[in-house]
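Values reported hereafter were calculated over all heavy atoms of this structure, with side chains retained and with hydrogens, waters and symmetry mates removed. None of these values were measured; they are calculated from a predicted model. All ligand and atom numbering here is 1-based and tracks the order in the structure.
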Amino acid sequence: MRNLIVVLGDQLNRDSAAFDGFDPEQDAIWMAEVTGESTHVPSHKERTAVFLTAMRHFRDARRAEGFTVHYRELESGTLDGHLAADQRKLRPRATLCVQPGEYRLQEALRPLVTRFLPDRHFLSTPEEFAMHARGRKQLRLEYFYREMRRRYGVLIDDGEPTGGAWNFDTENRGSFPRSGPPLFRRQAADLVQIAPADPLRRKVERAIEANLPHNPGQLGAVPWPATPAEAERALATFIERYLPTFGLYQDAMWTGEPFLFHSLLSSSLNLKLLDPRQVIRAAEEAFRAGHAPLAAVEGFIRQILGWREYVRGIYWLYMPEYATRNALDAHEPLPEFFWTGETEMTCLRETIRQTLEYGYAHHIQRLMVTGLFALLYGVEPRAIHEWYLAVYVDAVEWVELPNTIGMSQFADGGVMASKPYAATGKYIERMSNYCRSCRFDPAESIGEQACPFTTLYWDFLLRHEEKLTQVGRMDLQLRNLNRLPADRRSAIHAQAAAVRQGALRASR
Ligand code: FAD
Ligand code: SF4
């Protein structure tokens, strides 16, 4: 054998560098499903199901092309352990693999791989991002995003941004009227319009129940795409039905409506069933055809051409040290209700329950409900990072880690975000209907009705006052803090201690 091509579960693009010059006569593909990849953090069953189903479809498609695929169906052990054993049997002259998306895997595979190949799925390379970062005091999405728009000519007319501005967020990010979202309830099956009975998928589900029975989450509540054709149908459904309203309600939340106007494309993109260029093109075409407004399309494209590429750049620029950052010195354990959803706080209950059911919560639920609570509560960054890496179908470390450590927990000391995303329960009240059915009152910070978010917000400012003074952009919040009389400060302190004890009790 000349080359053994290692294909990982999130490298399922046929046009990847792994297949340049592939010769079926002398090369072969190697793929393996190992329980170790679902237990190093206890992966949501649905996450594992999406990965394995997509991998098996990829295997079958390559075999149908006449390629040899050495494939291990779910077995205990680690990827590097199985690869080493198979290399001894197959004796390839070289083993090639596209650059893994996770530092941990890259290091585990490094001794076994002759050469890592560039990952062409992305629109920028880690080296280009390092160039962009060089000499800058602060990294901010906005400058990177503008460079990417110009470089790829996306929403650019005569060298200028379409519509005369780079960003239309003032028109986006509204909340729903009191009556709720202006649509019928969006059903899980409607999301992707996939034939529900995929026999290959049923087999994967049985393997997961047999091998990983104690992992969290429910199986099969959403037919997440597992082939390029399914992912393309999901993209078409989103562009047709939901993109026009995407921006307007990008940050809104509503009880019993987990999906709203979001694309649900992250797992398809991260497994590389979809190419980001294809997604960006489809969105821009919808605008040019008059089907979707510029604000929605720009807002959507910014997530993919901007944020998605930007967080990957941050990940590779700062790993492995980035994963250990804890700028706010937070050491609380993750409350147990993160694994069950059993809490009186409606916002957390809704977000965590849908996460366990679907493996999905949208960005603001992740950032401003679970993430905000962990930040204010003072959860150890590694513990909340491992939770996010475990529970979402789209979770892969290069995108999850900067979003958690940087954007949501401010544990990187301000590399990703210019200030912590700290807010009281009033933010959640403004952006959702959660507070209406909650026993707490977002306006109260002390007393029986006090909203834990609001209590912990003031406690957070009190605990970190000195550090936050140096952050800048926190002036208004710190001025409000300075107005708090001493007796109120100590009442907040006592109430925050009670919230922590309550969360601990709920955890037992
Ligand atoms: P949409 O709202 O429809 O957005 C469109 C696409 O833009 C997404 O599919 C995604 O590819 C991209 N995108 C949007 N926001 C971001 C962002 N902040 N960073 C990178 N890409 C973005 N995303 C993941 O793909 N995997 C993760 O493991 C992950 N972990 C996260 C953890 C935390 C704490 C936070 C705050 C965010 C995380 N995100 C993660 C980013 C974002 O929440 C998800 O990409 C998004 O919710 C996926 O749903 P969607 O496809 O419906 O997205
Ligand atoms: Fe969440 Fe507080 Fe609103 Fe209850 S009152 S839903 S805990 S923000």
Side-chain angles (χ1 to χ4, degrees), residues 10 47 101 141 191 224 234-235 238 242-243 246-247 249-251 253 255 258-271 274 276 279-280 283 299-312 314-315 343-351 359-375 384-385 387-409 416-417 421 423-445 449-457 499:
D10 63 348
R47 176 179 181 272
L141 168 82
L191 306 178
W224 295 104
L235 171 62
F238 167 69
Y242 304 108
L243 175 63
F246 171 84
Y249 297 122
Q250 199 176 339
D251 288 3
M253 302 174 275
T255 309
F259 312 115
L260 292 167
F261 301 93
H262 291 271
S263 71
L264 315 175
L265 294 174
S266 48
S267 61
S268 303
L269 280 162
N270 296 350
L271 268 64
L274 277 181
V279 179
I280 292 165
F300 178 71
I301 286 177
R302 181 156 16 104
Q303 307 309 311
I304 296 176
L305 185 60
W307 281 113
R308 190 167 181 268
E309 298 285 331
Y310 179 74
V311 299
R312 178 168 176 265
I314 300 249
Y315 180 81
T343 163
E344 287 186 295
M345 292 176 267
T346 305
C347 54
L348 280 164
R349 191 172 63 238
E350 279 283 315
T351 303
Y360 181 82
H362 71 66
H363 185 66
I364 290 302
Q365 292 176 304
R366 298 186 205 196
L367 184 65
M368 297 307 286
V369 179
T370 43
L372 175 60
F373 188 83
L375 170 76
I384 186 70
H385 145 58
W387 183 79
Y388 281 112
L389 190 57
V391 296
Y392 290 109
V393 287
D394 56 31
V396 278
E397 197 179 83
W398 62 264
V399 49
E400 176 278 327
L401 188 76
N403 270 296
T404 305
I405 295 284
M407 191 184 284
S408 115
Q409 301 301 300
M416 271 279 287
Y421 281 89
T424 68
K426 294 291 272 178
Y427 172 84
I428 294 173
E429 184 187 36
R430 195 166 65 248
M431 298 311 298
S432 75
N433 67 343
Y434 294 148
C435 304
R436 281 194 231 158
S437 59
C438 186
R439 91 155 185 79
F440 301 111
D441 179 348
E444 298 296 332
S445 55
Q449 304 277 291
C451 162
F453 281 82
T454 306
T455 306
L456 291 175
Y457 166 81
V499 169

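Listed by atom number, the atoms of ligand 1 under 4.0 Å from Phe246 heavy atoms are 1 (P), 2 (O), 3 (O). Interface atoms of ligand 1 facing Ala361, defined by a heavy-atom separation under 4.0 Å, are 47 (O). Here is the list of ligand 1 atoms found below 4.0 Å of a heavy atom in Leu269: 11 (O). Taking every heavy atom of His362 and a limit of under 4.0 angstrom, the matching atoms of ligand 1 come to 47 (O). Taking every non-hydrogen atom of Phe440 and a distance limit under 4.0 Å, the qualifying atoms of ligand 2 come out as 5 (S). Heavy-atom contacts of His262 reach the following atoms of ligand 1: 1 (P), 2 (O), 3 (O), 52 (O) (cutoff under 4.0 Å). Those atoms of ligand 2 with a heavy atom of Met345 less than 4.0 angstrom away are 7 (S). Residue Pro442 has at least one heavy-atom neighbour below 4.0 Å for each of these atoms of ligand 2: 5 (S). Which parts of ligand 1 touch Asn270 is read off a 4.0 Å heavy-atom cut-off, strictly below it: atoms 24 (C), 25 (O), 26 (N). Against a heavy-atom cut-off of under 4.0 Å, Leu264 is close to the following atoms of ligand 1: 50 (P), 51 (O), 52 (O). Atoms of ligand 2 lying under 4.0 Å from at least one heavy atom of Gly425, given by number and element, are 8 (S). Shown in contact with Val396 at under 4.0 Å from a heavy atom are these atoms of ligand 1, numbered in order with element: 28 (O).
A donor-acceptor contact shorter than 3.5 Å links the side chain of Gln409 to the backbone of Leu375. Proximity of a side-chain donor or acceptor of Arg366 to a complementary backbone N or O of Asn403 within less than 3.5 Å is not detected. The main-chain N or O of Pro442 is found under 3.5 Å from a side-chain atom of Thr454 such that the two form a donor-acceptor pair. A distance-only check finds no donor-acceptor pair linking the side chain of Arg47 to the backbone of Ala390 [under 3.5 Å]. A donor-acceptor pair under 3.5 Å links the side-chain atoms of Asn270 to the main chain of Asp394, judged by distance alone. Arg349 places a side-chain N or O within donor-acceptor distance of the main-chain N or O of Thr343, the cut-off being under 3.5 Å. A donor-acceptor pair under 3.5 Å is absent between the side-chain atoms of His262 and the main chain of Phe246, judged by distance alone.
Residues Ser266 and Tyr392 form no side-chain contact, since every pair of their non-hydrogen atoms from C-beta on lies 4.5 Å or further apart. Residues Ile384 and Phe373 have side chains not in contact (no heavy-atom distance under 4.5 Å, counting atoms from C-beta outward).
Here's the thing with Val311: none of its N/O atoms is less than 3.5 angstrom from an N/O atom of ligand 1. Geometrically, ligand 1 and Trp307 share no nitrogen or oxygen pair separated by less than 3.5 Å. An N or O contact shorter than 3.5 Å is missing between Leu367 and ligand 1 by distance. Annotation: Ser263 places an N or O atom under 3.5 Å from an N or O atom of ligand 1; distance criterion only. Polar contact check, Ser408 against ligand 1: no nitrogen or oxygen pair lies under 3.5 Å apart. When only interatomic distances are considered, the shortest N/O to N/O separation between Tyr388 and ligand 1 does not fall below 3.5 Å.
Atom 23 (N) of ligand 1 has Val399 CG2, 3.6 Å as its closest protein atom, hydrogens excluded (heavy atom only). Of the protein's heavy atoms, Cys347 SG, 2.4 Å lies nearest to atom 1 (Fe) of ligand 2. Nearest protein heavy-atom neighbour of atom 40 (C) of ligand 1: Arg366 NH1, 3.5 Å. In terms of protein heavy-atom proximity, atom 27 (C) of ligand 1 is nearest to Asp394 OD1, 3.3 Å. Of all protein heavy atoms, the one closest to atom 8 (C) of ligand 1 is Ser266 CB, 4.1 Å. For atom 2 (Fe) of ligand 2, the closest heavy atom belonging to the protein is Cys451 SG, 2.4 Å. For atom 3 (Fe) of ligand 2, the closest non-hydrogen atom of the protein is Cys435 SG, 2.3 Å.
In this structure, Gly371 and Tyr388 approach most closely via the heavy-atom pair N-OH, 2.9 Å. Scanning all heavy atoms of the two residues, the minimum distance from Ile304 to Pro276 falls at CG2-CB, 3.9 Å. The nearest pair of heavy atoms linking Gln365 to Thr351 is CB-CG2, 3.7 Å. Pro452 and Val499 make their closest contact through CB-CG1, 4.0 Å (heavy atoms, listed as atom of the first residue, atom of the second, distance). Here the closest non-hydrogen pair linking Ala450 and Thr455 is CB-OG1, 3.8 Å. Summarising the geometry of Trp398 relative to Pro402, their closest heavy-atom pair is O-CD, 3.3 Å, with the distance given to 0.1 Å.
The line from CE of Met416 to CH2 of Trp307 is 5.0 Å long, rounded to the nearest 0.5 Å.
Scanning Met416, Glu400, Arg308 for the heavy atom closest to atom 21 (N) of ligand 1 points to Arg308. Nearest to atom 38 (C) of ligand 1 by heavy atom, out of Leu372, Ile304, Asn403, is Asn403. If you check each of Gln303, His385, His363 against atom 22 (C) of ligand 1, the one with the closest non-hydrogen atom is Gln303.
A heavy-atom separation below 4.0 Å is found between Phe300 and ligand 1. The shortest separation from a heavy atom of Tyr360 to ligand 1 is under 4.0 Å, placing the residue in contact.
Atom 2 (Fe) of ligand 2 does not have Cys438 among its coordinating residues (no N/O/S atom, backbone or side chain, under 2.8 Å).
Residue contacts with ligand 1, taken as heavy atom pairs separated by less than 4.0 Å, do not involve Tyr392 at all.
No hydrogens or angles considered: nothing links the side chains of Tyr360 and Ser267 as a donor-acceptor pair under 3.5 Å.
Between Phe300 and Phe238, the gap from one ring centroid to the other is short of 6.0 Å.
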